[in-house]
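Reading through the C-alpha cells given below for one structure.
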Amino acid sequence: MREKVEIVQGDITKLAVDGIVNAANTSLLGGGGVDGAIHRAAGPELLAECRTLNGCPTGEAKITKGYRLPARHVIHTVGPVWHGGGKGERELLRNCYRNSFQVAAAHDLSSIAFPAISTGVYRYPLEDACRIAMEEAKAALERYPQISRVIFVAFAPEAKLAYERAAKEVFG
Ligand code: AR6
C-alpha cells in the first residue's frame, strides 16, 4: 500500500493526474489559496461548471472536469474551519478525504492528488491534518483497488515533513 502513496512538494495545478482535489468553500465559486490557483489555471469554464453544482456542504465532495489543467478532473471538497477541535472538525476533515476518494473511485479515476485541506486559511493544525489524510489514504487503497496512485502535495517544506511523519506512523 505505501508504494502507492507519494509525497511531493510543489504546485498541485501542474500535476497531470486523473484528478486533483480542491480545498474549496461551500459556495464552490472560487476563493484564495489553492482554490484560487486551481480556478486560474483551469480557466473560466471551471467556474461555469461550478455554478451548476449549487455549492457543497462541509465534508462533502463534487467532481467537475479539469478544463485547461493538466489534470482531467477536479474534485471539490470543503474542509472545516478550525475552531479549536470541539466543533467536529476532525470528523469533517475525515469526511473530506473519504468522500473525495469515494467520488474518485465512482468515476474510475486511478490517480488522485490532494492539497493539505483546511491547513491554510481555515487554520487546521498541520500534523493532525496530515495524519487524517494518511489514515484515509490507507483505508481507500484497501477499499478501492482501482486507485493506484495517491499524491499528497506539500506547498511548504513543513507540510512535506508532516506528511512523511504521518506516513511512517500509519504505514509503519
Ligand atoms: N498547490 C498545492 N497546495 C497549495 C497551493 C497550490 N498551488 N496553494 C496553496 N496550497 P488553503 P483551506 C496549500 O488556504 O485552508 C480558499 O479561499 C496551502 O499551503 O488554500 O482549506 C477557499 O475558497 C495549504 O497547506 O485552503 C476557502 O474559502 C493548503 O493548500 C478557503 O481558502 C490549503 O490552504 C479554504 O481554506
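Both ligands and their constituent atoms are indexed starting at 1 by order of listing.
For V153, no nitrogen or oxygen atom sits less than 3.5 Å from a nitrogen or oxygen atom of ligand 1, counting backbone and side chain alike. Checked by distance only, ligand 1 and A37 stay at 3.5 Å or farther apart across all their nitrogen or oxygen atoms. In terms of polar-atom proximity, defined here as any N/O pair under 3.5 Å, V121 does make such a contact with ligand 1.
In this structure, of G36, G30, A156, G120, the residue bringing a heavy atom nearest to atom 11 (P) of ligand 1 is G120. Here the shortest heavy-atom distance to atom 9 (C) of ligand 1, taken over V34, L93, N22, T13, belongs to V34.
Remark: the backbone N or O of V8 is not paired with any side-chain donor or acceptor of K160 at under 3.5 angstrom.
Atoms of ligand 1 found under 4.0 Å from any heavy atom of G32, numbered from 1 in the order shown, are 16 (C), 17 (O).
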Between R165 and E169, is the salt bridge (Lys or Arg N to Asp or Glu O under 4.0 Å) condition met? List the steps. CA-CA 6 Å; R165 271 194 293 275; E169 285 165 15; 5.9 Å; no

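For the residue pair H76/T64, the side-chain donor-acceptor check at 3.5 Å is satisfied.
Using a 4.0 Å heavy-atom cutoff, S118 is listed among the residues neighbouring ligand 1.
Given atom 26 (O) of ligand 1, the protein heavy atom at minimum distance is A23 CB, 3.8 Å.
Within the 4.5 Å cutoff, no side-chain heavy atoms of R90 are placed close to those of P80.
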